[in-house]
Amino acid sequence: MDSFTSFFGLKKSNSSSTTNKNNRNDDYQRKMQDVVVVSFQDRYYDIHFRDFREGIQQATVADLKERCKTATGVTLATMKLKVSGANVKDETATLSSSGIHSGSLVLLTGERFNNEQVRQTASGNPEEVGYMLRISQVMDKMNGARDKIEQFDMMVVSTLDNIDQNETKRKETEDLGIYLSELLMQSLITLDGVDCPSEFETARANRKQAVKLCQQLMDHLDQSRATFKDFNNKNKATH
């Protein structure tokens, strides 16, 4: 007579298959011990920390970035890491405190540069190109702001020439001035965060030029906003 399990159509568990599956899981866990998987441009890199005395528990975000640079060629100056949808910013933090553990998947973004780009620097170091790119991105925003400041100036002149200008138009002018002031302030803060090493002379010169331009634009904008504010105050006092 068939067994009880066979009689009710139940399948007897295959202990050999289960054991093999468990063995594979154990092998995978051993393989991924002290290893982080980094994804960059549709490729995956195993970054290990087995040479650390305490393994991945001892490693910091800065350690991971250095190894990502070696594996991918992405410069530290442009490198950003994300795990479980959250950006990893504190380079001094341990990986475990940042939510990165053995087998974790870390998404990496950043730039790699060719020899022609590197030759444009004084140092010949790809990292300097990374700093220059960050500065260039801020410059692009400021150049866009320069066009908007010209628009703001014309709106202020229009207000001065037209005393009977409606309140809606004046509110638009005021809001544009506030927006531009905040944009330039944010640009200056970003530039302050681009801490170029002393040997990166080209990047430092570019940063100095960008800061100077930003301050010039802020001074000009402040004068235009002050003129606009004084006119509105006087106009309100006479009505």
Determine whether a donor-acceptor pair (N or O, by modelled atom type, separation under 3.5 Å) exists between the side chain of [X] and the backbone of [Y].
| X | Y | value |
| --- | --- | --- |
| Thr60 | Ala93 | no |
| Asp63 | Ala59 | no |
| Gln33 | Ser102 | no |
| Arg207 | Leu191 | yes |
| Thr72 | Cys68 | yes |
| Arg134 | Ala77 | yes |
| Glu91 | Val61 | no |
| Ser181 | Ile178 | no |
| Ser136 | Met132 | no |
| Asp34 | Ile56 | yes |

Problem set entry | Residues which pass side-chain contact (heavy atoms from CB on, under 4.5 Å) with Glu111, listed by chain and number, not counting sequence neighbours | Thr78, Phe113, Leu133
Point-to-point distance, once rounded to the nearest 0.5 Å, from [atom1] of [X] to [atom2] of [Y]:
| X | Y | atom1 | atom2 | answer |
| --- | --- | --- | --- | --- |
| Lys65 | Thr75 | NZ | OG1 | 10.5 Å |
| Thr109 | Gln41 | OG1 | CD | 10.0 Å |
| Thr227 | Asn232 | OG1 | CG | 11.0 Å |
| Arg170 | Thr168 | CZ | OG1 | 11.0 Å |
| Met155 | Asp175 | CE | CG | 9.0 Å |
| Arg146 | Cys214 | CZ | SG | 11.0 Å |

Problem set entry | Pro126: which of Val118, Val74, Leu76 passes side-chain contact (heavy atoms from CB on, under 4.5 Å) | Val118
Would you say [X] and [Y] make side-chain contact, with heavy atoms under 4.5 Å?
| X | Y | answer |
| --- | --- | --- |
| Thr94 | Gln57 | no |
| Thr202 | Tyr131 | no |
| Val38 | Val36 | yes |
| Tyr45 | Val37 | no |
| Leu64 | Ile47 | yes |
| Leu184 | Gln215 | no |
| Ile149 | Leu217 | yes |
| Leu95 | His101 | no |

Problem set entry | Nearest non-hydrogen partners of Cys196 and Ile135, listed with the distance | SG-CD1, 4.3 Å
For this session: Assess whether side-chain contact (heavy atoms from CB on, under 4.5 Å) is satisfied between Leu188 and Val211, documenting all intermediate values.
Result: CA-CA 7 Å; Leu188 191 59; Val211 170; 4.1 Å; yes
For this session: Using a strict 4.0 Å threshold on nitrogen-to-oxygen distance, state whether Lys229 and Asp222 make a salt bridge.
Result: no
Exercise. Salt-bridged, Lys171 to Glu174, with N to O below 4.0 Å?
Worked result: no
For this session: Would you please test Val129 and Gln120 for side-chain contact (heavy atoms from CB on, under 4.5 Å) and show each step?
Result: CA-CA 8 Å; Val129 186; Gln120 296 176 12; over 6 Å; no
Exercise. Hey, mind stepping through Asp51 and Arg67 against salt bridge (charged side-chain N to carboxylate O under 4.0 Å, His left out) and telling me if it holds?
Worked result: CA-CA 12 Å; Asp51 54 325; Arg67 299 198 171 194; 2.7 Å; yes
Residues, nucleotides or ligands: over 12 heavy atoms within 6.0 Å of [X] [atom1]:
| X | atom1 | value |
| --- | --- | --- |
| Glu201 | CD | no |
| Gln209 | CD | no |
| Tyr179 | OH | no |

For this session: Test Phe228 against Leu160 for side-chain contact (heavy atoms from CB on, under 4.5 Å), laying out the working first.
Result: CA-CA 8 Å; Phe228 177 74; Leu160 298 180; over 6 Å; no
For this session: Could you go through the salt bridge (charged side-chain N to carboxylate O under 4.0 Å, His left out) check for Arg119 and Glu116 one step at a time?
Result: CA-CA 5 Å; Arg119 280 195 290 268; Glu116 180 61 30; 2.9 Å; yes
Side-chain donor-acceptor pair present, [X], [Y], cut-off under 3.5 Å:
| X | Y | answer |
| --- | --- | --- |
| Gln117 | Arg112 | no |
| Asp161 | Ser158 | no |
| Ser187 | Thr190 | no |

For this session: Apply side chain to side chain donor-acceptor pair (under 3.5 Å) to Glu127 and list each qualifying residue two or more places apart in sequence or on a separate chain.
Result: Lys69
For this session: Could you go through the side-chain contact (heavy atoms from CB on, under 4.5 Å) check for Leu81 and Asn87 one step at a time?
Result: CA-CA 6 Å; Leu81 303 179; Asn87 291 316; over 6 Å; no
For this session: Taking the six-membered ring for Trp and the single ring otherwise, decide whether the centroids of Phe49 and Phe52 are under 6.0 Å apart.
Result: yes
